[in-house]
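Heads up: the structure comes next, in structure tokens.
Labels below follow one simple rule: chain letters A, B, ... track the order of the sequence lines, proteins then strands, and each chain is numbered from 1.
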Number of protein chains: 2
Amino acid sequence: MAVTLDAFDRKLLAEVQRDAQVPQNELGTRVNLSTAAVNRRLRRLAEDGVIDRYAAIVSPEKVGCPLTIVSMVEVESEQIDLLDSMKRTFEQCPQIQQCYYVAGEWDFVLILTARDMEQYNDLTRQLFFSNNNVKRFKTLVSMSRVKVGLGVPVDIDG
Amino acid sequence: MAVTLDAFDRKLLAEVQRDAQVPQNELGTRVNLSTAAVNRRLRRLAEDGVIDRYAAIVSPEKVGCPLTIVSMVEVESEQIDLLDSMKRTFEQCPQIQQCYYVAGEWDFVLILTARDMEQYNDLTRQLFFSNNNVKRFKTLVSMSRVKVGLGVPVDIDG
DNA sequence: TCTGAAAATGGACCTTT
DNA sequence: AAAGGTCCATTTTCAGA
């Protein structure tokens, strides 16, 4: 599953995770490689799925979603088809940025973004109260998004 | 803080959040605008901070970070400088993808990525056990990353 | 690694509302 | 003024030698 990456690949990945807009010739001077080599490596990293995709990161506040909420959900039954159905529901909800199926005191952890508490209450009704398989859930309202990203460390370690 | 967005802006934001690599002329045909208009709007969205940045999303598994963990932390004291110091520590840790300062039963929620459990244990020592201001913490190990993204809904609602 | 063609970006300028 | 469209220059990407 994992892929072999050399020091150049790692540097490139670190760069493009931070900023995917810097041109390949600039990347070349930063990592000490020709533009063409950078081009080939980035293409290969994308082909191999190391780079999953390129995305614009938009500011939630600026588009009227100032509220970030962490919800934890415990299910009634862990029957496969019930779980799958819940996963699909969570995946499809546009306000759910992230959903992790976890082991421990809870079964799902969700990161949500919402316009206001009213919208979150609505979501709560749709996602939790009207779902028979939700035993209980807990809400943690974010007061500050201290760090937000999907960056993966590639610097030295594996 | 929020910004006024028309239907064109919203469509463009939806597109580039999903895939930032589609060229502006293609975006133009999709949203019914000339290439130049798309160019101008994207530039303005970036200048206004609506688009925070462009980033490559890399697959954690492929680079040897198959483990995703959600940690919740309760602090001993909420004294400002102690909190700030913790926030800085969390921000700087490369394995911490996200850190939310929350209200409720816990004070911080962290999303971490790690090579293996041993690395997580090390992090645990560095971040939690050796920090006097950590009263307790809880670990939820992700078995499945059902949905992972930073996408913000821009379709219809504000 | 270099060179050059094709593609994409972004500015100039004019037109519309 | 604010925003769109067309055209053109510049920059960037990317393949072949």
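Rounded to whole Å, the distance from CZ on B:R41 to C1' on D:dA2 is 11 Å. Per the geometry, CD belonging to A:E26 stands 18 Å off C1' belonging to D:dT10, to the nearest Å. If you measure from atom CD of A:Q24 to atom C1' of D:dT11, you get 12 Å, rounded to the nearest angstrom. When rounded to the nearest whole Å, the span between CD of A:E47 and C1' of D:dC14 equals 13 Å. Here D:dT10 presents its C1' atom at 13 Å from CG of B:N39, a figure rounded to the nearest Å. Atom CG of B:N25 is separated from atom C1' of D:dT11 by 16 Å (rounded to the nearest Å). We find that CZ of A:R44 is positioned 15 Å from P of D:dC14, with the value rounded to whole Å. When the P atom of D:dT6 is taken as reference, atom CG of B:L33 falls 11 Å away, rounded to whole Å.
Ion pairing of A:E26 with A:R30 is present here, as a side-chain N (NZ or NE/NH1/NH2) and a carboxylate O approach within less than 4.0 Å. The existence of a salt bridge linking A:E91 and B:K147 is excluded, since no basic side-chain nitrogen approaches an acidic carboxylate oxygen closer than 4.0 Å. Ionic pairing of A:D6 and A:R41 is present here: one or more N-O contacts between side-chain nitrogen and carboxylate oxygen are shorter than 4.0 angstrom.
Mapping A:A36 and A:P23 onto DNA chain D by nearest heavy atom places A:P23 closer to the 5' end of the strand.
Counting only distance, with no hydrogens or angles, the side chain of B:S85 and the backbone of B:D81 share no donor-acceptor pair below 3.5 Å. Checked by atom type and distance alone, the side chain of A:R53 never pairs as donor or acceptor with a backbone atom of B:I57 at under 3.5 Å.
Contact between the side-chain N/O atoms of B:S34 and the OP1/OP2 oxygens of D:dG4 is not found at any separation under 4.0 Å.
The aromatic rings of A:F137 and A:F129 sit perpendicular, their planes meeting at an angle over 60°, well past the 30° parallel limit.
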Scan nucleotides 13-17 of chain C against the protein and return all N/O pairs shorter than 3.5 Å with their distances rounded to 0.1 Å.
none

